[in-house]
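Quick caveat, the model's predicted, so the values are computed rather than measured. Count residues from 1 along the sequence. First listed ligand is number 1; within each ligand, the first listed atom is number 1.
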Amino acid sequence: MPFYHKLGKIPHKRHTVFKKPDGSLYYEQLFGTIGFDGMSTNMYHEQRPTQVKEIKGSYNARPKIAAEHNIKSYRFKGFHIKPEPDYLQSRKTVLTNSDVDIVLASPQQSTKDYFYKNSDSDELLFIHQGTGKLRTHLGNLDFKYGDYLVIPRGTIYKIDFDDEVNRLFIVESRRPIYTPKRYRNYFGQLLEHSPFCERDLRQPYELETNDENGEFLMKVKKQGQIYDMIYASHPFDVVGYDGYNYPYAFSIHDFEPITGRIHQPPPVHQTFETDAFVVCSFVPRLYDYHPDSIPAPYNHSNIDSDEVLYYVDGDFMSRNDIEKGHISLHPAGIPHGPHPGAVERSIGQTETEELAVMVDTFKPLQITEDAMEIADDSYHKSWLDH
Ligand SMILES: [Fe+2]
């Protein structure tokens, strides 16, 4: 997160004596990425964060691949992913490559019995349905429909849902997730032409500090394996921290669309970037205002990126027969474009209510067995007139 945040109590100087009321020391930990070169946070624990009591075992959470090589466009019916009680078990990877996993989940229950840490990936959770609270060792964030939650790798968290009906679209990224560099100045501040600014980004506000000993189960994801680790001290025991590396929230409803006299290209919708993929938000907006403009997109050849669109709400102007929770995959190597009739239908339209999240990956995506179960196998022929 490219701006400074401070929560709880911290000493005046880094790496100096910081005493508890009883005279003993708090334990400092640097929580950083990209070695010591990326963003980092300096935090202070009640107890040493290294007290592993037992490693109970592990299981393989890597998805099973159904199509390693693919040149076919697909539609996946995301809401056909079945709800499951447990948060981690409910997560189904549908598309994957060595940089990214694209995951659908419909968890029914909060994480009661364990803490979770993904040490492989930053996680981007898009909340399609549900409300609740993301609880982390660096503070808490409330979430609701339309929120992106950016959770840097290594963040220890639990997720509390208010009820059983929840739908999440998740991107797990082996590359750090940032806001687009072109929208930031030399100092990292978001510029005036950025479609959002720091005011729209919500920082953790509520630090849970527990000074407890016992047995605390933490499920740690590493190399696609989930390890059950028992810690001897409560993982949420931070009394304070400051720095740049922490989870944050951004609502898609706070994304200010960039519009023009003629069709604007997809990069105007960009919300996040990595060096392996981009994330874009398509939000309700006014259409192009040139008298002869065609609001529907032109056909385009995304020769070197796979395009994934997750449809959230509204009518998606360029597609026929698309519903909430559907995912379209338009693979690299072949052009795609509006469905038959969509260009003509768009002329003269003045606005759209569409809401969608797009992920364009620079490496091709593999299709998993879970995805094939919700796949529409005839979608690739949907551009034919008859
Ligand atoms: Fe496209």
A.B. asks: So which N/O/S atom does Glu307 have closest to the Fe ion (ligand 1)?
C.D. replies: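 The nearest such atom is OE1.
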
A.B. asks: If we ignore angles and hydrogens, is there a donor and acceptor under 3.5 Å between the side chains of Asp86 and Tyr114?
C.D. replies: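 Yes, Tyr114 and Asp86 have a side-chain donor paired with an acceptor closer than 3.5 Å.
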
A.B. asks: Ring-plane angle category for Phe76 and Tyr74, please: parallel below 30°, perpendicular beyond 60°, tilted otherwise.
C.D. replies: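 Rings of Phe76 and Tyr74: parallel, as their planes differ by under 30°.
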
A.B. asks: Report the residue from Lys9, Gln47, Lys20, Lys19 that forms a side-chain hydrogen bond (donor to acceptor under 3.5 Å, both in side chains) with Tyr26.
C.D. replies: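 Among the candidates, only Lys9 passes.
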
A.B. asks: Answer yes or no for His330: is there an N/O/S atom below the 2.8 Å cut-off from the Fe ion (ligand 1)?
C.D. replies: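 No, outside the cut-off.
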
A.B. asks: Test Glu123 against every option in Arg153, Lys221, Arg91 by the side-chain hydrogen bond (donor to acceptor under 3.5 Å, both in side chains) rule and name the one that passes.
C.D. replies: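 Going through the options one by one, the only one that passes is Arg91.
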
A.B. asks: Just to confirm my numbers, could you give the angle made at the Fe ion (ligand 1) by NE2 of His336 and NE2 of His300, rounded to 10°?
C.D. replies: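 It is 90°, given to the nearest 10°.
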
